[in-house]
Amino acid sequence: MPELPEVEIIRQYLDEQLPGRTIACADILLTRQLKYPEPEAFQSLVAGKRMKGMRRRGKYLLLDLQDGSTIVFHLRMTGSLVYDPSGNQRDAYARMVFHLAGGGALVFADVRTFGCVYGFAAGEEIAVSGLQSLGPEPLSEAFTPAYLAQAIRGRKQPIKSFLLDQRRIAGLGNIYADESLFLAGIHPRREAGSLTQAECKKLAAAIQHVLRDGLADGGTTFRNYRNGEGGYGRHQEHLCVYHRAGKPCPTCGRPIEKITVGGRGTHFCPYCQH
DNA sequence: TTCTTAACCTGGAGGC
DNA sequence: TGCCTCCAGGTTAAGA
């Protein structure tokens, strides 16, 4: 399940490989995942276009083309975006294949088909509601303890649910939200608005710490995450609570518990988090 | 306005 | 071995 570190690692690799290359044509193997425009219009939009670079915003990837048009990807839970230099690899779950002039392909694959792709022509507004309403990047200067304190003010929802709200913080997902709360010593069911200034400072620092660790480890792979080369991350080996129910807490040694918060599986230490 | 819940979807795990 | 049920989870729309 790609979150900010995983999406950023994909972006970095593809941004090295794709600029200057030209899309010969696009095969749309599952039209349901192409949200805009219609398949024929999308194919016309990308065919023969030279790629300029890959950007990231939250969990969205934006592939800019030289003519000013943009392809937007969201990998959701099981999506991947992989550059295949040979262009010959066969992925059973490939949903869209961009064949490149001179060989090679950019393959959008997705097991559970929740991911989505959009294409916008030059000058056209990038009308993706989730993308337009994203909160600040947690590793940017805009994300500070003061921002966090202001954003949670008066909120009664659990802090875990708050952290997963992309309108408040862009890019956090279930894994890094659980890890951040553990590092900050905050119980995931705490009312968001009940956090003190000191806890906001601790939580903001924890969020940045776990995201940077995830980036340094090449991301977290549980089932389907693959980086832009088709390889796997290593951060799952360093997680403190996520996916560790029943295993000892790295701080106190007592068992990690798993509960449901806001409909999401949530892992925490009931002794270290308050 | 804020928060919660269901739905989308399919592979894999576990139970029988 | 095969079948069935449940779980996983990011986002959004609908409902409370």
Side-chain angles (χ1 to χ4, degrees), chain A residues 1-8 10-11 29-36 56-62 72-81 91-96 108-118 126-135 137-138 150-181 188-195 207 211 214 219-226 232-233 235-236 239 241-247 256-268:
Chain A
M1 50 215 80
E3 302 181 24
L4 186 153
E6 291 76 34
V7 178
E8 175 60 20
I10 292 170
R11 185 205 69 77
L29 306 173
L30 186 63
T31 55
R32 170 158 50 82
Q33 293 191 259
L34 175 63
K35 303 300 181 184
Y36 179 85
R56 179 192 61 76
R57 180 76 174 91
K59 299 173 193 171
Y60 289 88
L61 283 166
L62 295 90
V72 179
F73 300 89
H74 196 304
L75 306 178
R76 297 286 179 105
M77 291 173 55
T78 56
S80 64
L81 193 59
D91 187 319
Y93 302 104
R95 310 303 186 190
M96 195 176 293
F108 171 71
D110 191 359
V111 174
R112 292 183 195 171
T113 72
F114 278 15
C116 43
V117 181
Y118 307 77
I126 299 179
V128 179
S129 60
L131 178 59
Q132 291 170 314
S133 62
L134 285 175
E137 290 288 326
Q150 172 270 321
I152 64 168
R153 191 172 299 148
R155 303 216 169 264
K156 297 186 182 304
Q157 68 183 146
I159 185 66
K160 167 70 182 282
S161 301
F162 174 88
L163 293 181
L164 294 179
D165 187 343
Q166 303 299 299
R167 296 169 301 175
R168 312 298 174 197
I169 306 170
L172 268 192
N174 213 29
I175 297 173
Y176 294 96
D178 280 4
E179 293 295 310
S180 300
L181 288 169
R189 280 193 177 138
R190 274 277 296 282
E191 199 172 279
S194 76
L195 267 62
I207 289 168
L211 291 175
T220 306
T221 297
F222 270 109
R223 287 199 178 95
N224 303 94
Y225 165 67
R226 290 182 296 159
Y232 301 102
H235 194 58
Q236 65 279 5
L239 296 175
V241 289
Y242 186 83
H243 219 258
R244 295 193 67 245
K247 292 179 179 163
I256 299 298
E257 286 189 10
K258 185 183 178 191
I259 56 176
T260 300
V261 181
R264 292 282 165 262
T266 299
H267 308 75
F268 76 111

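The sequence lines fix the lettering, A, B, ..., with proteins before strands; numbering per chain opens at 1. Note that the coordinates shown come from a computational prediction; the quantities given were computed from them, not determined experimentally.
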Protein-nucleotide distance ([X], atom [atom1]; [N], atom [atom2]), rounded to Å:
X: Arg167(A); N: dG10(C); atom1: CZ; atom2: P; result: 16 Å
X: His267(A); N: dG9(C); atom1: NE2; atom2: C1'; result: 12 Å
X: Asp91(A); N: dT10(B); atom1: CG; atom2: P; result: 15 Å
X: Ile152(A); N: dT2(B); atom1: CD1; atom2: P; result: 15 Å
X: Arg112(A); N: dC6(C); atom1: CZ; atom2: C1'; result: 12 Å
X: Tyr176(A); N: dG10(C); atom1: OH; atom2: P; result: 12 Å
X: Lys35(A); N: dG10(C); atom1: NZ; atom2: C1'; result: 13 Å
X: Gln33(A); N: dG10(C); atom1: CD; atom2: P; result: 16 Å

Worksheet item: Pro188(A) and Pro158(A): which non-hydrogen atoms are nearest, and at how many Å?
Response: O-CB, 3.6 Å
Practice prompt. Show your reasoning for whether side-chain contact (heavy atoms from CB on, under 4.5 Å) applies to Glu137(A) and Arg56(A).
Written response: CA-CA 10 Å; Glu137(A) 290 288 326; Arg56(A) 179 192 61 76; 2.9 Å; yes
Discussion item. One pair to check against side-chain contact (heavy atoms from CB on, under 4.5 Å): Phe162(A) and Ile152(A). What are the steps and the verdict?
Written reply: CA-CA 8 Å; Phe162(A) 174 88; Ile152(A) 64 168; 3.6 Å; yes
Discussion item. With salt bridge (charged side-chain N to carboxylate O under 4.0 Å, His left out) as the rule and sequence neighbours excluded, what pairs involving residues 152-161 of chain A come up?
Written reply: Lys160(A)-Asp178(A)
Discussion item. As a quick check of understanding, evaluate side-chain contact (heavy atoms from CB on, under 4.5 Å) for Leu62(A) and Ile126(A), giving each step before the final call.
Written reply: CA-CA 10 Å; Leu62(A) 295 90; Ile126(A) 299 179; 4.3 Å; yes
Worksheet item: OP1, OP2 of dC3(B) versus side-chain N and O of Gln157(A): anything below 4.0 Å?
Response: yes
Practice prompt. Output yes when at least one side-chain N/O atom of Arg155(A) is less than 4.0 Å from OP1 or OP2 of dC3(B), else no.
Written response: yes
Worksheet item: Going 5' to 3' along nucleotides 11-16 of chain C, which nucleotides have protein heavy atoms under 4.0 Å from the base (write B), which only from the sugar-phosphate (write S), and which from neither (write -)?
Response: BS----
Practice prompt. Have a look at Tyr93(A) and say if it touches a base, only the backbone sugar-phosphate, or nothing, with a 4.0 Å heavy-atom cut-off.
Written response: sugar-phosphate
Discussion item. Test side-chain contact (heavy atoms from CB on, under 4.5 Å) on Leu4(A) and Tyr176(A); report intermediate values, then the result.
Written reply: CA-CA 9 Å; Leu4(A) 186 153; Tyr176(A) 294 96; over 6 Å; no
Worksheet entry | Separation of Tyr242(A) OH from Leu181(A) CG (nearest 0.5 Å) | 14.0 Å
Response to the item:
Walking DNA chain B from its 5' end, the first of Thr113(A) and Ser161(A) to be reached, judged by nearest nucleotide, is Ser161(A)
